[in-house]
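Everything below concerns the one structure shown next.
Throughout, a chain's letter reflects where its sequence line sits, starting with A, and its residues are numbered from 1.
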Protein chains: 2
Amino acid sequence: MFQLSKKSDYGLIALKHLAQHSGSISAREIAMEYKIPAPLLAKVLQRLVRKGLLISQQGINGGYVLARDPAKISIVDVLEAIDGPIGITPCERGSNCEQMERCSVRDPLMKIKVKVVRVLGDTSIYELAMN
Amino acid sequence: MFQLSKKSDYGLIALKHLAQHSGSISAREIAMEYKIPAPLLAKVLQRLVRKGLLISQQGINGGYVLARDPAKISIVDVLEAIDGPIGITPCERGSNCEQMERCSVRDPLMKIKVKVVRVLGDTSIYELAMN
DNA sequence: AGATATCGGACCAGATTGGTCGGATATTCG
DNA sequence: CGAATATCCGACCAATCTGGTCCGATATCT
């Protein structure tokens, strides 16, 4: 298949929300708004913090804020922060591919990957928030 | 994640091979050549037959042949034949998405999907076989 | 008739992912 | 200072998905 994970989906929803509302917003607040399991969303947001896309504030009025201009956060940034580097081919993701030396489609697929990543990189959270 | 399944990978390898060699070729032959589990490859090829991308020949000298000009078979055709219609978002693939009405990223993601599909549709098996 | 190929479904096991839980730390407020 | 509330972080469980296998049936050529 060729689909983004629910975690990535949640991450995009949250980032769009943060781009549309100013101030620090807690994970639970966003989770309730979109009916996302709160602990799961929290974990997703934590990964975004670790990758420098979000800034977290602990304490009683804590929450999350975008770390930079939403126009400078692309979809790829989010996907890679949550699910790890994008890999079109199975062999790109650790799975010990038996074909390796015989594989005749890896190189062409890499070129396609570059194009796909470009598509994903061309859209920012800002544009997401405007649509 | 954002990766094509091994089955799709196998399918592309097989189609490329068929585009490069003329005549009817058996699943087992291709499987041995690329060290792919034979029964699995057979199943993959069956799906391609059902979708009209391949023509199968039963019997003792049977095997598979491309159903049409490799330049007229795109990567999307193959992926959709093997893994079903491409769905970027989780909600596109039957998973009963709780967000549905609340979901704020579905429409923008659809536009991205169109672009991705276009990228995949722009490359044909013929081009795959030339690289 | 027999050998070899696809066909087609059911079936199993391992990996991945969605989702949960609990303790630790930081921050604000009474 | 202590209680409340938030993030943090890892371990953990359960369900789904996928890679892979098996078996009987059918078709075709020798």
Are B/Gln46 and C/dG9 close enough that a side-chain N or O sits under 4.0 Å from OP1 or OP2? no
Closest non-hydrogen atoms of A/Glu127 and A/Asp122, given as atom of the first, atom of the second and distance, are OE2-O, 3.2 Å
Looking only at the side chain of A/Pro37 (C-beta and beyond, no hydrogens), which of the listed nucleotides D/dG20, C/dT20, C/dT28 gets closest? C/dT20
Which atoms form the tightest heavy-atom contact between A/Gly62 and A/Ser24, and what is the distance? C-OG, 3.5 Å
Please state whether the rings of A/Phe2 and B/Phe2 are parallel, tilted or perpendicular, taking 30° and 60° as the class boundaries. tilted
Return the 5'-most residue of the pair B/Ala38, A/Gly62 with respect to DNA chain D, ranking by each residue's nearest nucleotide. A/Gly62
Side-chain contact check for A/Lys43: nearest option of D/dT5, D/dC9, C/dG19 is C/dG19
Which of the following nucleotides, D/dC9, C/dT20, C/dT4, is nearest to the side chain of B/Ile60? C/dT4
From CG of A/Leu48 over to C1' of D/dC9, roughly how many Å is that when rounded to an integer? 15 Å
Counting the atoms with a prime plus P, OP1 and OP2 as sugar-phosphate, which does A/Ala27 contact under 4.0 Å by heavy atoms, base, sugar-phosphate, or nothing? sugar-phosphate
Side-chain atoms of B/Ser26 come closest, of C/dG18, C/dT20, C/dA5, to C/dA5
Looking at the side chain of B/Gln58, which of C/dA5, C/dG19, D/dT21 is the nearest nucleotide? C/dA5
Starting at atom CD of A/Gln57, determine the distance to atom C1' of C/dA26, rounded to an integer number of angstrom. 9 Å
Taking all heavy atoms of B/Gly52 and all of B/Ala67, pick out the closest pair and write down the distance. O-CB, 3.3 Å
What is the separation between atom CG on A/Leu40 and atom C1' on D/dC13, rounded to the nearest whole Å? 14 Å
Is the distance from OP1 or OP2 of C/dG19 to the nearest side-chain N or O of A/Tyr10 less than 4.0 Å? yes
Taking D/dG20, D/dT7, D/dC29 as options, the one with an atom nearest any side-chain atom of B/Asn61 is D/dC29
Whole-Å distance between C/dT6 P and B/Ile25 CD1? 11 Å
